[in-house]
Asks: 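Please find one structure pasted underneath; my questions will follow.
No hydrogens, no waters, no symmetry mates; every other heavy atom, side chains included, goes into these values. Every chain is numbered from 1 and lettered A, B, ... according to where its sequence line falls, protein lines coming before strand lines. Bear in mind that the values here come from a model prediction, so they are computed numbers and not experimental data.
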Amino acid sequence: MTLSSGLDIARSSLSVNADRASVVARNIASVGDPDASRKIANQVTTDLGGVRIASISREINVGLFNLVQSSTSDHARDAAIVEKLDLIQQVVGEPNDESSPAAKITALRDELLRYASAPNQPSSGASAIAAARDLAQSLNDATATVQRVRAQADEDIRAGVERLNTLLSEFDKVNNEIVAGTRENRDVTDSEDARARILTEMSGLIDIRTVSKGDNDMVVLTDSSLVLYENTPRLVSFNPTTFYDATVTGSPIYVDGMPVTGTTSTQAAQSGSLVGLARVRDELAVTTQAQLDEMARGLVTLFAESDQVGGGAPTQPGLFTYAGAPAMPAAGVVVPGLAGSIAVNASVDPAQGGDVSLLRDGAISDPGNAAYVYNTSGATGFADRLLGLADAFGQAIAFDGSTTLSTSSDLISFSVDSAAWLQEQRRTATDNETRSAAVLERAAISLSRETGVNLDEEMTLMLDIERSYQASASLMSTIDQMFEALLAATR
Amino acid sequence: MSIFGMMRTSVSGLAAQASKLSTVGDNIANSSTVGYKKASIEFSSLVLHDHGGKYSPGGVESDIRYGISQQGALSFTSSQTDLAVSGEGFFVVTDGQGQSQLTRSGAFILNGDSELINASGYKLMGYSAANGTAQAAINGTAGLESVSLNGLALTAQSSTAGTLSANFPADGAIVAAGDLPSANAATAAPTAKTSIVVFDNLGREIVLDIYASKTAAETWEVAVFNRADAAVGAVGSFPYGTAGSPPLATQTYTFDATTGELTGGSPTNISIPLPNGGPLVLDMSQSSQLATEFEVGEIEINGNGPAGVSGIDLDDDGMLYAIYENGARVATYRIPLANVASPDMLKPTSGTLYGLSAESGDLQIGFPGESGFGTIVTGALEQSTVDIADELTAMIEAQRSYTANSKVFQTASEILDVLNSLKR
């Protein structure tokens with residue numbers, strides 16, 4: 001039994017070493033791939049000596065992998081918010097920026113004061129009107145940008161949801177392959193790597209959590225326990241809206257029939273780029289728009305003309321008019337979209353054939369109606385109206401609470417606060433993004449170090465396998481020589 | 001007398017050594033045959049009665065021995081249908097004509113009829129497990145049939161049992177009676193939702209939407225709807241079917257305020273009637289009510305859709321499972337082992353088979369792993385028990401012995417020649 005069994009054992013050793021060498025070759029081939037994990041060939045002894053490869057497994061670290069997923073989600077959400085806030089801030093501007101609506105409101109007041117010091121000079125009047133037109137234009141531009149950012153966020157959400165559905169169907173295929181292979185005891189490590197890669201990409205879109213079932217099967221849930229994949233993928237649906245204005249509310253994202261964003265959601269998602277985009281579209285941009293609308297309403301209210309003769313004529317918008325004129329906007333309540341429609345009244349704008357002196361005298365809202373004329377004497381040096389307007393910039397106005405700023409302040413302070421608020425949001429978002437990027441990088445490096453392929457280790461293992469193979473081969477040749485000796489004795 | 005006796009004795013010696021050389025030849029020829037057990041010759045002396053002072057040479061008798069109870073080494077292959085017995089016992093095979101035989105040769109492959117045939121062309125036999133666990137007829141081959149994977153395609157099983165454990169948030173808001181999912185109105189506002197995939201009798205996938213809503217402190221209502229009835233095009237899925245129609249199943253669970261687990265009096269499962277299948281009994285006894293958000297812990301439901309056979313797997317206890325494309329494992333046959341009281345006394349026949357003889361004892365059938373029987377190893381083959389070095393050594397010995405015996409014959413012949421030439 002001995003020589004032949006020795007030969008068998010050496011043969012099994014050779015074939016096992018060949019298998020191990022092929023596993024090392026696979027590892028070396030995937031050295032540069034960040035998603036590939038190290039494969040290990042598990043060797044066991046068999047009855048009566050001999051060896052065989054029992055299975056091939058992959059190096060995993062579940063805790064680090066989950067950490068990489070959650071930090072990917074956080075980082076994606078923060079990055080989406082920072083990107084969109086940057087776009088908004090370019091038009092709304094910083095508190096010290098000359099191009100911000102806040103600075104232009106102050107500039108308008110200064111122009112009014114200059115006009116008040118020389119009310120008989122039409123050129124001062126023209127420059128005041130020009131400042132007013134500039135201000136109205138900047139409010140319109142800011143509104144257009146904010147709504148465009150919302151529309152872009154909506155489009156990005158649509159693309160993200162489509163990508164998520166594609167990933168879920170890919171996950172379905174890979175998962176079925178893994179389960180079938182596990183039941184048949186095949187090597188499924190490459191498919192497991194692919195599944196891990198899909199999970200990491202999904203976690204960038206929405207936060208996910210996984211639960212393992214028997215036979216290497218997996219259930220994918222959002223962090224709030226809505227099912228994304230269980231035996232079959234669930235549908236992630238979203239109704240895109242193409243055109244946005246201040247009155248349009250975006251639709252929530254639905255996972256498995258339940259909303260994950262928006263106020264109606266009881267199982268809301270917390271991170272992922274889809275959540276970040278939804279937060280910009282439904283909260284940050286809407287609040288910015290409300291602040292712009294309140295600034296516009298403040299201007300319209302401030303420059304309104306009231307009845308001067310006691311004839312019961314209603315107050316009407318003066319220098320600044322809007323889409324709802326001649327009715328005045330209600331006090332203390334935001335009018336969505338007002339900042340988009342605010343404009344300088346044509347009757348006082350020289351570029352539209354108006355009369356600049358109406359700013360000094362009154363009756364901008366209805367030229368020729370004596371009820372709205374402030375300059376009853378008709379003197380060209382009448383500065384009371386202008387001074388009164390300039391003063392009003394410093395008087396408190398009641399603002400809507402939905403702007404999250406003070407409900408009662410003067411217009412200039414409100415506009416400065418608004419710019420400061422946006423800057424604060426952006427600074428917080430940038431801080432969060434930097435921090436989550438650092439966490440993600442650390443986690444990814446740790447995961448790679450624990451489970452990735454180390455070229456030095458693989459080359460060392462290769463040497464070990466080579467020596468083993470040589471030893472088995474020399475064992476075979478020794479046994480062969482012993483057979484030779486025996487056969488020689490029979491000649 | 002003694003010279004002739006010497007010739008007869010040397011002839012019997014020659015015959016015995018020739019016999020031994022033949023076994024050596026047979027063994028070396030079969031040194032790579034899977035499941036082969038080596039044959040050997042044992043000698044015993046034949047003694048003739050001697051007559052006072054004169055020695056009568058007898059001879060030698062030979063007895064053929066087969067080392068059938070010796071275990072051969074296992075060599076592992078990559079084929080899952082290669083089987084080997086480790087320990088005592090034989091495979092029961094048939095030639096298709098109704099006769100069953102015993103063998104250790106387990107290099108089985110699937111033939112055209114999806115039966116397992118070995119290298120000699122014999123089919124493996126086993127007990128059908130299609131109707132539950134197979135019973136062995138202990139001392140006979142009755143009930144055995146050839147293992148065939150034909151006709152095992154496309155089975156579907158309805159989901160009948162499962163486990164779902166979830167944590168219900170202890171701090172959730174109470175839902176008004178009109179907005180409960182069980183009221184099935186468009187205004188339904190459940191606290192949380194999850195969904196599972198189950199199968200009906202024909203293997204169709206059904207998605208069940210499970211809604212959990214808090215009705216009172218520590219009391220939760222779980223309502224189950226069929227996704228197929230969900231409202232199309234509306235925001236959200238309510239109402240399912242016509243508004244106000246009842247859900248597939250509803251159950252109310254009460255939790256203990258101190259431990260967060262289900263109280264003793266609360267039901268622990270929910271029975272869901274499936275359209276054309278079921279009823280599905282979902283065990284929710286591991287659910288809890290703790291102060292964290294809604295979380296699903298374990299989801300395991302039985303049942304599978306229709307699929308074809310993709311492979312086979314043999315367990316340690318001899319159970320042969322057919323593995324379907326969708327991953328389901330169904331027990332098809334149980335492979336028994338046969339043993340006799342004295343395996344060494346079995347009669348070897350062509351095809352690496354062993355037949356019963358008068359001395360071997362009666363047949364006993366049992367399953368791998370039971371006492372007195374070995375185990376079946378998949379993916380391995382039992383090598384021949386022949387060691388070539390041993391055989392060559394025995395061959396040298398037999399050759400020398402043969403030469404010596406022939407020398408004795410030659411000497412006796414020469415002596416007789418001398419005697420003959422004494423008288424011309």
Asks: Would you call the rings of B:F294 and B:F168 parallel, tilted or perpendicular, taking 30° and 60° as the class edges?
Replies: perpendicular
Asks: Under 4.5 Å heavy-atom distance to chain A, tell me which part of B:E295 shows up: side chain, backbone, both or neither.
Replies: both
Asks: Could you look at B:I299 and say if it's the side chain, the backbone, both or neither that has a heavy atom under 4.5 Å from chain A?
Replies: both
Asks: Which one, A:M258, A:K213, A:Q267, A:R11, leads in non-hydrogen pairs under 4.5 Å with chain B?
Replies: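 Between A:M258, A:K213, A:Q267, A:R11, the count favours A:Q267.
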Asks: Given that the side chain runs from C-beta out, which part of B:I196 has a heavy atom under 4.5 Å from chain A: side chain, backbone, both or neither?
Replies: both
Asks: Going by side chain to side chain contact (heavy atoms under 4.5 Å, CB included), B:L282 matches just one of B:I210, B:V222, B:V198. Which one?
Replies: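 When side chain to side chain contact (heavy atoms under 4.5 Å, CB included) is applied between B:L282 and each of B:I210, B:V222, B:V198, only B:I210 qualifies.
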Asks: Are A:D154 and A:R281 close enough for a salt bridge, meaning some N to O gap below 4.0 Å?
Replies: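 Salt bridge between A:D154 and A:R281, a charged N being under 4.0 Å from a carboxylate O: yes.
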Asks: With a sphere of 6.0 Å drawn around OH of B:Y321, does it hold more than 12 non-hydrogen atoms of other residues, nucleotides or ligands?
Replies: yes
Asks: Can you list every pair that meets salt bridge (charged side-chain N to carboxylate O under 4.0 Å, His left out) and has a residue in residues 222-232 of chain B, with sequence neighbours left out?
Replies: A:D256-B:R227, B:D209-B:R227
Asks: Using non-hydrogen atoms and a 4.5 Å limit, figure out which bit of B:V207 sits close to chain A: side chain, backbone, both or neither.
Replies: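 The side chain, not the backbone.
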Asks: Measuring from A:T261:OG1 to A:L274:CG, what's the distance to the nearest 0.5 Å?
Replies: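 These two atoms lie 9.0 Å from each other.
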Asks: What part of B:S31 is in contact with chain A, defined as an atom under 4.5 angstrom from a non-hydrogen atom: side chain, backbone, both or neither?
Replies: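 Neither; nothing under 4.5 Å.
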Asks: In terms of heavy-atom pairs under 4.5 Å, which option from B:D313, B:I388, B:I312 contacts chain A the most?
Replies: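 That would be B:I388.
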Asks: Checking heavy atoms, do the side chain of A:D223, its backbone, both or neither come under 4.5 Å from chain B?
Replies: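 For A:D223, the contact with chain B is made by the backbone alone.
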Asks: Please list, chain by chain and in numerical order, all residues satisfying side chain to side chain contact (heavy atoms under 4.5 Å, CB included) with B:L21, sequence neighbours excluded.
Replies: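 Residues passing side chain to side chain contact (heavy atoms under 4.5 Å, CB included) with B:L21: B:M395, B:A398.
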Asks: Chain B heavy atoms under 4.5 Å from A:S12: which part of the residue, side chain, backbone, both or neither?
Replies: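 Contact with chain B involves no heavy atom of A:S12 at all.
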Asks: Is it the backbone or the side chain of B:S195 that comes under 4.5 Å from a heavy atom of chain A, or both, or neither?
Replies: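 Both parts, backbone and side chain.
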